[in-house]
Every structure is written in structure tokens, then in C-alpha cells.
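Here the structure is laid out as C-alpha cells; the discussion comes afterwards.
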Amino acid sequence: MRARGASLRALGYRVRFELTDSGDALLLDATGGRAELNEATADDEADTVLRLSSDDLAKLVAGRLSPMLAFAIGKLRVEGSKGVAMKLASLLDED
């Protein structure tokens with residue numbers, strides 16, 4: 001995800017990834033013309049929260065799992081703005 005920072009700057013929102021298998025969380029902050037990925041807590045404010053396993057996140061970022069398919073089959077749960085999740089999906093699909 002860090003390697004794709006340049007393309008993710010266009011997102012313009014904060015997305016928290018909650019990893020269901022490890023209990024860890026990551027915050028992608030793509031506000032202010034930058035894209036930073038840092039560890040997060042459940043209290044960190046985000047426009048959208050995505051819940052998925054770390055393996056599925058790696059597959060999404062690598063382009064081996066479609067975000068729409070992951071959502072449809074229950075591997076990805078979205079809380080908050082669905083529009084932000086769709087925009088992130090389109091940015092991940094660009095490369």
C-alpha cells in the first residue's frame with residue numbers, strides 16, 4: 001500500500017483498515033495532498049472503515065482480488081461512506 005502512495009493521494013479521505021485476523025488496524029490518510037499509512041486504533045477518525053483479513057487486504061492491493069467481489073462474498077465489510085470505498089477501489093484498479 002505504501003508503494004502505491006502516489007496514486008492514492010487522489011483519494012482525499014481517511015480510510016481505516018481493521019484486520020479481522022490479527023486485530024490490528026491501519027489508517028490511510030490521503031488528505032491534504034499526501035497519502036500516509038500508519039498503525040491505527042479503533043478511536044482514530046476515518047471517513048470509511050474497511051474490515052477484512054490481512055491476507056485479503058494483500059490480495060486487494062496486489063490486484064488479485066476484486067473489491068466488488070470481496071464485498072459481495074462477505075470478505076470485505078464497509079462501514080461509513082460507501083462512496084469513499086468505491087473511489088479507493090477505482091484507484092487500486094488503475095495500476
_I need the minimum non-hydrogen distance between L76 and P67, along with the two atoms involved._
CD2-O, 3.8 Å
*Which heavy atom in G12 sits nearest to a heavy atom in T31, and how many Å separate them?*
O-CG2, 3.7 Å
_L52 CG to L60 CG distance, which is reported to the nearest 0.5 Å_ = 6.0 Å
*Donor-acceptor under 3.5 Å (K59 side chain, R64 main chain)*: no
*Spell out, as yes or no, whether a donor-acceptor pair under 3.5 Å connects the side chain of D29 to the backbone of R14.*
no
*Nearest non-hydrogen partners of L11 and A30, listed with the distance*: CB-CB, 3.8 Å
_I'd like to know whether E79 forms a salt bridge (charged side-chain N to carboxylate O under 4.0 Å, His left out) with R77, so could you lay out the CA-CA distance, the side-chain angles of the two residues, the decisive distance to 0.1 Å, and finally the verdict._
CA-CA 7 Å; E79 185 177 297; R77 291 186 306 273; over 6 Å; no
*With the 4.5 Å side-chain cut-off for hydrophobic clustering, are L27 and F17 part of the same group?*
no
*Which atoms form the tightest heavy-atom contact between A10 and K87, and what is the distance?*
O-NZ, 3.1 Å
_Heavy-atom closest contact (L26 atom, A40 atom, distance)_ = C-CB, 3.8 Å
*Please check if any side-chain donor atom of S54 sits under 3.5 Å from a side-chain acceptor atom of D21, or the reverse.*
yes
*Identify the heavy atoms of S81 and T48 that sit nearest to each other, and give their distance.*
O-OG1, 2.8 Å
*asked:* If hydrophobic clusters are built by linking Ile, Leu, Val, Met, Phe, Trp and Tyr wherever their side-chain heavy atoms come under 4.5 Å apart, do L19 and F71 end up in the same one?
replied: yes
